[in-house]
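To start, the structure under review is shown below, and the notes come after it.
Residue numbers begin at 1 in each chain, while the letters A, B, ... track the order of the sequences. Predicted, not measured: the structure shown is a model, and the values here were computed from it.
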There are 2 protein chains.
Amino acid sequence: MTDEVPRILTVQRAAHSLATPAQRGEVEAWADSPVALPFGPFDPNEHRTLELGLHNWVEQQTGLDLGYVEQLYTFGDRYRDPREQAGGPRLVSVGYIALVRQVPLSGAGEAEWRNWYDFFPWEDWREGRPAIVDQAIRPRLQNWIGRIGDDDERQTYQERLSIAFGAQSAPWDFERVLERYELLYEAEMIGEALRDAQIRAAISGRPAPQADAEMQATAELLGTPMALDNRRVLATALGRIRGKLKYRPVVFDLLPPTFTLLQLQRVVEALGGVRLHKQNFRRLVINGGLVEPTGKHDSQSRGRPAELFRLRREVLSERPASGVGLPAARIIG
Amino acid sequence: MTDEVPRILTVQRAAHSLATPAQRGEVEAWADSPVALPFGPFDPNEHRTLELGLHNWVEQQTGLDLGYVEQLYTFGDRYRDPREQAGGPRLVSVGYIALVRQVPLSGAGEAEWRNWYDFFPWEDWREGRPAIVDQAIRPRLQNWIGRIGDDDERQTYQERLSIAFGAQSAPWDFERVLERYELLYEAEMIGEALRDAQIRAAISGRPAPQADAEMQATAELLGTPMALDNRRVLATALGRIRGKLKYRPVVFDLLPPTFTLLQLQRVVEALGGVRLHKQNFRRLVINGGLVEPTGKHDSQSRGRPAELFRLRREVLSERPASGVGLPAARIIG
DNA sequence: TTAGATATACTCAATTTGAGCATATTTCTT
DNA sequence: AAGAAATATGCTCAAATTGAGTATATCTAA
């Protein structure tokens with residue numbers, strides 16, 4: 001994070017592809033986005049574990065020394081790379097999440113820190129409900145669903161819309177980042193969807209579908225495209241992090257060893273995409289035993305100096321919180 | 001589940017291995033357990049997605065038609081199969097969880113339902129704290145850690161012990177199934193650890209380490225071994241399910257369409273490995289809007305007939321629960 | 001010197017949780 | 001037929017947590 005902006009590390013998409021060189025020439029014209037998540041091959045001879053391989057090429061591409069990482073998801077669908085050949089090899093990617101403090105970058109990948117809400121402008125509610133939701137997303141999705149012929153199918157999509165983007169009955173669920181992205185992709189409102197349709201057409205020799213100016217404009221409203229399905233991967237990651245926020249002390253990797261409570265709150269807010277009630281937030285983290293005061297004070301700020309806190313190491317071994325769902329139900333014994 | 005026993009589906013381990021036939025002959029003597037999780041190859045030509053591949057071979061091996069499945073984790077460490085060759089191919093497995101009602105089995109895999117606490121006897125606290133924890137596990141682990149020479153390393157293991165198996169400061173955390181399994185494996189208290197040590201020795205030509213009678217006895221106390229690292233995979237799954245239990249309505253796949261609240265409670269208890277307070281559990285699921293009454297009653301039971309409930313479909317779209325960790329902190333706006 | 005900004009303390013009602021008691025409706029035993 | 005045992009369900013009540021403020025403290029900038 002810098003200031004209040006949560007950032008992800010991107011690299012320039014190297015010219016790698018599963019397609020044959022011939023196809024590549026033909027298809028490369030459909031400008032794939034050069035913005036990619038850091039990625040690299042897994043070499044079973046070199047690396048004892050997937051995680052060690054990860055550390056290795058992240059270091060090479062970005063100069064970054066990762067600490068704690070966590071496996072995210074394994075992506076193996078056909079045509080993740082739309083240039084993939086039927087009958088050819090499959091691109092299977094094992095995604096990992098690492099939370100690190102922002103540091104200067106080096107390495108071979110032309111790495112860059114980017115505001116992750118550039119990729120999901122509808123996910124940041126810190127300044128209130130984003131206008132884009134009601135002005136562009138909902139009406140267009142509703143329109144697209146309305147045009148579905150089959151009754152059952154339309155019904156299903158209608159329900160997915162309510163779940164993903166909320167409704168009277170269901171509030172906006174900040175964790176459903178992936179569901180939202182997938183709906184937008186299926187409705188071809190996302191840049192990648194237009195691009196992939198073009199590529200598929202080019203490869204199969206069909207005439208390229210025409211994306212009209214309005215579709216293009218919508219796609220531009222809906223954030224920066226990424227290479228391949230990287231934005232989908234990123235959506236999965238954001239959802240996962242938001243979920244974890246609730247029950248694991250996960251944000252401290254993004255903070256210096258000592259920090260003020262407002263700094264902590266700002267990080268949580270940035271990841272969650274919401275504003276929190278300040279006094280109650282303090283009470284929660286202090287009474288919850290997550291942090292302990294250092295006695296020192298921050299001098300840089302505008303008003304009354306804030307006390308510096310540190311993470312209570314013991315938290316990692318104590319039960320961090322017991323959630324509210326099913327068996328928060330009292331355990332007997 | 002049958003009655004109060006949670007079960008997993010196992011198959012007979014087919015004679016598959018990454019080792020060469022020559023090595024296989026040599027090593028097959030170290031009787032690998034025939035108890036395995038259902039598994040199968042992924043064929044990118046056949047299957048559009050990993051998940052479709054999964055459905056396919058599960059059907060073949062067990063005759064089971066899976067509904068909802070969820071990706072668990074991808075396992076790619078070297079020597080997951082201890083017969084693996086240095087420089088040879090790597091066995092990478094993408095694990096999935098499916099929750100299904102118990103049905104009769106068919107298929108080619110000689111599938112069987114087995115009590116999952118047969119594999120983790122220390123995880124079932126429904127009849128109180130299992131004696132095995134204090135009589136066998138803790139003292140032996142403590143002893144093993146005590147013999148570690150390096151001070152820092154011993155300290156680290158001591159902390160892992162507290163986190164995994166609890167201590168004065170930290171209570172037993174029912175979700176840390178994997179941490180517990182890994183400690184036991186590292187301490188060579190688990191059957192698989194003894195077996196893998198033997199196999200590694202045989203392959204490298206070193207003299208086989210002698211597991212004395214006491215180690216053998218301990219290993220037998222600590223549950224049924226499985227093929228390869230399947231028990232580790234299973235530990236990961238159990239931990240994941242227990243985590244999900246808290247904030248997602250995940251148990252209903254294990255119940256008939258209508259059920260009594262006690263049935264529901266028994267399922268939750270079986271997965272969680274704990275007993276719950278009955279009246280409060282009712283209040284939680286009813287007031288939480290998870291279930292709704294059908295008006296019908298169960299007639300089979302001993303005492304007063306229990307009302308039959310069903311899952312409220314709407315729950316799937318509503319916020320299921322908002323957890324307690326960090327930003328249960330009130331959202332402003 | 002004061003306005004503005006920020007931090008922190010404290011209050012109070014509403015809600016949720018933990019623990020239990022009481023009552024209702026069955027079947028089983030004698 | 002009369003309990004006894006088992007199960008389901010309703011209800012209470014104190015303790016803890018949460019939601020939403022108000023009040024006060026301590027700094028910087030003008």
message: If you count heavy atoms of other groups shown closer than 6.0 angstrom to CG of B/Asn287, is the number above 12?
response: yes
| Quick one: are A/Tyr117 and A/Arg126 in side-chain contact, heavy atoms under 4.5 Å? | yes
The salt bridge (Lys or Arg N to Asp or Glu O under 4.0 Å) partners of B/Glu179 (sequence neighbours excluded) come to B/Arg176
Sorted by chain and number, sequence neighbours left out, side-chain hydrogen bond (donor to acceptor under 3.5 Å, both in side chains) with A/Tyr96 holds for A/Gln71
Separation of C/dA7 atom P from A/Arg266 atom CZ, nearest Å, is 8 Å
When rounded to whole Å, the CG to P distance for the pair A/Asp298 and C/dA7 reads 8 Å
note: A/Arg282, atom CZ; D/dT17, atom P; distance rounded to Å ~ 18 Å
Between CZ of A/Phe281 and P of C/dA9 the distance, given in whole Å, is 16 Å
The complete set of salt bridge (Lys or Arg N to Asp or Glu O under 4.0 Å) pairs with one or both residues in residues 111-123 of chain B, sequence neighbours excluded, reads B/Glu112-B/Arg114, B/Glu123-B/Arg180, B/Glu123-B/Arg242
**Request:** Using a 4.0 Å heavy-atom cut-off across all strands, classify B/Leu261 as base, sugar-phosphate, or nothing.
**Result:** nothing
To the nearest angstrom, the NE2-P distance between A/His297 and D/dT28 comes to 14 Å
The nucleotide from D/dA29, C/dT8, D/dA8 with an atom nearest the side chain of B/Ala306 is D/dA8
Whole-Å distance, A/Leu284 CG to C/dT8 P, equals 16 Å
- Would one find a side-chain N or O of B/Lys278 under 4.0 angstrom from OP1 or OP2 of D/dT9? no
Applying salt bridge (Lys or Arg N to Asp or Glu O under 4.0 Å) to B/Arg310 and not counting sequence neighbours gives B/Glu292
Separation of C/dC21 atom C1' from B/His277 atom NE2, nearest Å, is 10 Å
Below 3.5 Å is the cut-off: list the nitrogen or oxygen pairs between protein and nucleotides 23-26 of chain D, distance only.
| from | atom 1 | to | atom 2 | distance (Å) |
| --- | --- | --- | --- | --- |
| D/dA25 | O4' | A/Arg304 | NH1 | 3.4 |
| D/dA25 | N3 | A/Arg304 | NH1 | 3.3 |
| D/dT26 | O2 | A/Arg304 | N | 3.2 |

Sequence neighbours excluded, the answer for side-chain contact (heavy atoms from CB on, under 4.5 Å) partners of B/Gln135 is B/Ala131
Close N/O contacts between protein and nucleotides 12-16 of chain D (under 3.5 Å):
none

Sorted by chain and residue number, the salt bridge (Lys or Arg N to Asp or Glu O under 4.0 Å) partners of A/Glu127 (sequence neighbours excluded) come out as A/Arg275
With sequence neighbours left out, the residues meeting salt bridge (Lys or Arg N to Asp or Glu O under 4.0 Å) with A/Arg304 are none
### Query
Does C/dT27 have OP1 or OP2 sitting under 4.0 Å from an N or O in the side chain of B/Arg302?
no
When rounded to whole Å, the CG to P distance for the pair A/Leu276 and D/dG19 reads 11 Å
